[in-house]
Amino acid sequence: MKPEKIRDFTDFQYNVFEEIKKIPKGQTISYKQLAEKIGRPRAYRAVANACGKNPEPGIIPCHRVVRSNGDIGGYSLKGGVNKKRKLLKTENKNYLG
DNA sequence: ACGAAACCCTGGG
DNA sequence: CCCAGGGTTTCGT
């Protein structure tokens, strides 16, 4: 059956979003790094999904989350990776795009 | 460098 | 209850 939904997202996602929101401006981390932060180093997949769900767009800077290699990865929100690159460039000029 | 498999979570039928 | 997907990651060749 479906898991108990706290709000629009589960406990797992809640932790993910909290960590993402804690990401300092101009700073980017990988999905795996974030997964480790929430205590699920093997849940890098779910982390990416959580961002994809993004229950609160604009509040969750999922664009700050990139691949382990530092690559942009992707972007589910409007604008696509194009918007994501722009945001990363704006926040972190040192970002390699 | 490229290709394929793995692992964890969520949503729909 | 069962199946499939996803913005990744890692190993093997």
Side-chain angles (χ1 to χ4, degrees):
Chain A
M1 286 304 191
K2 292 179 208 168
E4 321 285 350
K5 298 205 291 192
I6 317 273
R7 290 276 183 265
D8 286 332
F9 45 90
T10 64
D11 240 6
F12 176 81
Q13 284 189 347
Y14 188 81
N15 284 306
V16 177
F17 303 137
E18 282 297 300
E19 289 300 325
I20 294 174
K21 290 195 296 190
K22 282 177 184 178
I23 300 174
K25 183 184 168 222
Q27 185 76 275
T28 52
I29 77 172
S30 66
Y31 288 93
K32 195 179 178 192
Q33 284 287 297
L34 186 56
E36 282 190 22
K37 272 179 174 280
I38 64 176
R40 288 292 188 281
R42 302 290 172 204
Y44 42 81
R45 280 277 202 165
V47 174
N49 255 353
C51 277
K53 312 279 187 187
N54 209 348
E56 302 185 73
I59 309 178
I60 314 292
C62 51
H63 63 263
R64 283 184 197 158
V65 189
V66 294
R67 288 199 183 181
S68 62
N69 262 5
D71 277 358
I72 188 160
Y75 204 50
S76 306
L77 295 181
K78 193 175 160 192
V81 295
N82 192 332
K83 181 93 176 190
K84 184 169 180 174
R85 276 201 302 205
K86 191 162 187 161
L87 286 162
L88 290 170
K89 267 267 190 169
T90 303
E91 295 179 359
N92 183 10
K93 295 180 179 180
N94 283 331
Y95 176 76
L96 278 64

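Just so it is clear: chains get the letters A, B, ... in the order the sequence lines come, proteins before strands, and each one is counted from 1. All heavy atoms count here, side chains included; hydrogens, waters and symmetry mates do not.
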### Task
Measure the distance from CD1 on A:Ile38 to P on B:dC8 and round it to the nearest whole Å.
12 Å

### Query
Taking atom C1' of B:dG11 as reference, at what distance in whole Å does atom CZ of A:Phe9 sit?
17 Å

### Query
Between A:Phe9 and A:Phe17, how do the two ring planes meet: parallel, tilted or perpendicular, split at 30° and 60°?
perpendicular

### Task
Round to the nearest Å and state the distance from A:Phe12 atom CZ to C:dG6 atom P.
17 Å

### Task
Would you kindly give the CD-to-P distance between A:Glu36 and B:dC8, to the nearest whole Å?
14 Å

### Task
Nearest whole angstrom, please: distance from the P of C:dT8 to the CD1 of A:Ile20.
14 Å

## Note on the structure
So salt bridge (charged side-chain N to carboxylate O under 4.0 Å, His left out) across residues 26-50 of chain A, not counting sequence neighbours, yields none

#### Entry: Nearest-angstrom distance from the residue atom NZ of A:Lys32 to P of B:dA6
17 Å

### Task
Give a yes or no answer on whether the side chain of A:Lys84 reaches the backbone of A:Gly74 with a donor-acceptor pair at less than 3.5 Å.
yes

### Query
C:dG6 C1' sits how many Å from A:Tyr44 OH, rounded?
12 Å

### Task
Rounded off to whole Å, could you give me the NZ-to-P distance for the A:Lys37 and C:dT8 pair?
20 Å

#### Entry: Base-paired stems in DNA chain B, each at least three Watson-Crick or G-U pairs under 3.5 Å
B:1-6 with C:8-13, B:8-13 with C:1-6

### Query
Can you check whether A:Ser68 has a side-chain N or O nearer than 4.0 Å to OP1 or OP2 of C:dT9?
yes

### Query
So which one's nearest nucleotide on DNA chain B is more toward 5', A:Lys53 or A:Ala43?
A:Ala43

### Message
Determine whether a donor-acceptor pair (one donor, one acceptor, N or O, separation below 3.5 Å) exists between the side chain of A:Arg45 and the base of B:dA6.
### Response
yes

### Gap separating the CZ atom of A:Arg85 from the OH atom of A:Tyr75, nearest 0.5 angstrom
13.5 Å

### Query
What is the distance from atom CD of A:Gln13 to atom CG of A:Asp11, rounded to the nearest 0.5 Å?
10.5 Å

### Query
Phosphate oxygens OP1/OP2 of B:dC9: is one of them under 4.0 Å from a side-chain N or O of A:Arg40?
yes

### Task
Enter the distance from A:Leu87:CG to A:Asn82:CG here, rounded to the nearest 0.5 Å.
10.0 Å

### Nearest-nucleotide comparison on DNA chain C, the residue closer to the 5′ end among A:Ser30 and A:Asn49
A:Asn49

### Query
Does a nitrogen or oxygen in the side chain of A:Arg67 sit under 4.0 Å from OP1 or OP2 of C:dT8?
yes

### Query
Of A:Lys86, A:Lys25, A:Arg64, which is the lone residue that meets side-chain hydrogen bond (donor to acceptor under 3.5 Å, both in side chains) with A:Glu91?
A:Arg64

